[in-house]
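What follows is a set of notes on a single structure, which appears directly below.
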Amino acid sequence: MPDSTRDLEDYFELSARIFSDYRDPRRGPFSLVYLYSETSDNADSCFLRAIELVRGEGVKAVGTAEGALGHGYDGFEASCKRLRALGWSDESPIQKILVDGVVNTLSEAQALVNRMKSVEGDVGIVAPPFHIVRAFVTTITALKESGQERRIYALPGTPLEWGERVRHSQGELIGTRSELLQSELSRLQKYRTPEFGNLLSPREVLEYLNWRDP
C-alpha cells in the first residue's frame, strides 16, 4: 500500500484523536479494559495505567492475554504477578483472554472482539504510547470484521523513557522507544495488505470515530 499525502494527513488526525481520546464520564464505568501484551521492557506502561483506572473506579473488569509463550510476552500469570508488585489489589480480578496461538496485536484484537460478544457496555484498550495507534487500528479492524457495532476507546499507557533501548514485537525488534515509534507508521501501511491482516485505512478508522462520537 503506497504512502500518500492523504494517508499522512489522516494518520496525523487519527493519532491526535487516539492520544486524546475522550469518553463522556456519564456513560459510567468501562465494562472491560483490555491490556495489550508487551515485553517486560514495556508492560509497566499498561500495568500502571490499569492501576490508575481501577483506583478511579471507572472499570468493572480488566483483561489481558493468555496464549503461546516464547514470543516476547511473559504470559498471564507473569502479568498478574507484576501488577501485584506495582500495587494491584486482588479485590479487582483480572480476566484471562484466551488467544489462539502466538500472542501478537492482531491475534489479541481478534480474541478481544470475540470476548466482547459476551460483554455489554463500553470497552477500553491500553497500550504503551508508541504502540497505541496500531493497537487501536487493529482492534477496530477486528471489530468491523466481526460485524459488531460497539464503542471502543483508546487509553494510552503511562509514559516511559523514550530514549531507553527496549525489546518489542515478539522480543525481536530492539531499539529506543522513539525508534519503535518511527517504525509504527510503516507497519500500519504494511499490515493493510491482505497477507498481513487487511488493517483499515486511517480514513476508515476516523469514520468509525465519527460514528462512535456523533
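Owing to the predicted nature of the structure, the values given are computational and were not obtained by experimental measurement.
- Distance check: Tyr22 OH to Tyr153 OH gives 9.5 Å after rounding to the nearest 0.5 Å.
- Using a distance-only test at 3.5 Å, with no hydrogens or angles considered, no donor-acceptor pair links the side chain of Thr138 to the main chain of Ala109.
- For Arg23 and Phe30, the positive end sits near the middle of the six-membered ring, less than 6.0 Å away and at most 45° from its axis.
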May I have the step-by-step check of side chain to side chain contact (heavy atoms under 4.5 Å, CB included) for Val62 and Leu35, ending in yes or no? CA-CA 7 Å; Val62 166; Leu35 313 182; 3.8 Å; yes

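- Arg49 places a side-chain N or O within 3.5 Å of a backbone atom of Pro156 that can act as its donor or acceptor partner.
- Using cut-offs of 30° and 60° on the angle between ring planes, the pair Tyr208 and Trp211 is tilted.
- Of the possible polar contacts, one joining the Gln148 side chain to the Val113 backbone as a donor-acceptor pair under 3.5 Å is found.
- Taking a 6.0 Å sphere around CZ of Phe19, one finds it holds more than 12 heavy atoms contributed by other residues, nucleotides or ligands.
- For the atom pair Arg187 CZ and Leu185 CG, the distance stands at 12.0 Å (nearest 0.5 Å).
- Here the side chains of Cys46 and Glu38 are in contact, with some heavy-atom distance below 4.5 Å.
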Verdict with reasoning, Glu13 to Leu206, per side chain to side chain contact (heavy atoms under 4.5 Å, CB included): CA-CA 8 Å; Glu13 180 181 350; Leu206 285 167; 3.9 Å; yes

Using the side-chain hydrogen bond (donor to acceptor under 3.5 Å, both in side chains) rule, take Tyr11 and Gln189 through it: C-alpha gap first, then chi angles, then the decisive distance, then the call. CA-CA 10 Å; Tyr11 275 126; Gln189 291 293 92; 3.2 Å; yes

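- In the model, Ser79 has a side-chain atom that pairs as donor or acceptor with a side-chain atom of Tyr73 under 3.5 Å.
- For the pair Arg82 (side chain) and Glu77 (backbone), a donor-acceptor distance under 3.5 Å is absent.
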For the pair Tyr191 and Arg134, evaluate side chain to side chain contact (heavy atoms under 4.5 Å, CB included) and give the outcome as yes or no after the intermediate values. CA-CA 10 Å; Tyr191 295 166; Arg134 183 159 60 90; 3.6 Å; yes

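- Side-chain atoms of Thr176 do not come within 3.5 Å of backbone N or O of Glu164 as any donor-acceptor pair.
- Using a 4.0 Å cut-off between charged nitrogen and carboxylate oxygen, Arg17 and Asp21 do not count as a salt-bridge pair.
- Judged by a 6.0 Å distance limit and a 45° cone about the ring axis, Arg84 is not positioned over the six-membered ring of Phe47.
- Under the 3.5 Å distance criterion, the side-chain polar atoms of Ser15 are left unmatched by any main-chain donor or acceptor of Phe12.
- Ion pairing between a basic and an acidic side chain is recognised when a charged N comes within 4.0 Å of a carboxylate O; Asp122 and Arg151 show no such pairing.
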Is there a side-chain hydrogen bond (donor to acceptor under 3.5 Å, both in side chains) between Ser37 and Glu108? Walk through the geometry before answering. CA-CA 8 Å; Ser37 303; Glu108 288 185 82; 2.9 Å; yes

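- Between Phe76 and Gln95 the shortest heavy-atom distance is CE1-O, 3.5 Å.
- Summarising the local packing, CG of Asp213 is surrounded by more than 12 heavy atoms from other residues, nucleotides or ligands at distances under 6.0 Å.
- Checked options Thr139, Thr64, Val126; the residue passing with Tyr36 is Thr139 (criterion: side-chain contact (heavy atoms from CB on, under 4.5 Å)).
- In plain terms, the two heavy atoms of Thr141 and Leu199 that are nearest each other are OG1-CA, 3.6 Å.
- Results of the side-chain contact (heavy atoms from CB on, under 4.5 Å) test with Leu32 over Ile125, Leu112, Ile152 single out Leu112 as the only residue that passes.
- The pair Arg6-Glu9 does not meet the salt-bridge criterion, since no charged nitrogen lies less than 4.0 angstrom from a carboxylate oxygen.
- A donor-acceptor contact closer than 3.5 angstrom is absent between the side chains of His131 and Ser45.
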Assess whether side-chain hydrogen bond (donor to acceptor under 3.5 Å, both in side chains) is satisfied between Ser201 and Glu204, documenting all intermediate values. CA-CA 5 Å; Ser201 70; Glu204 290 172 309; 3.3 Å; yes

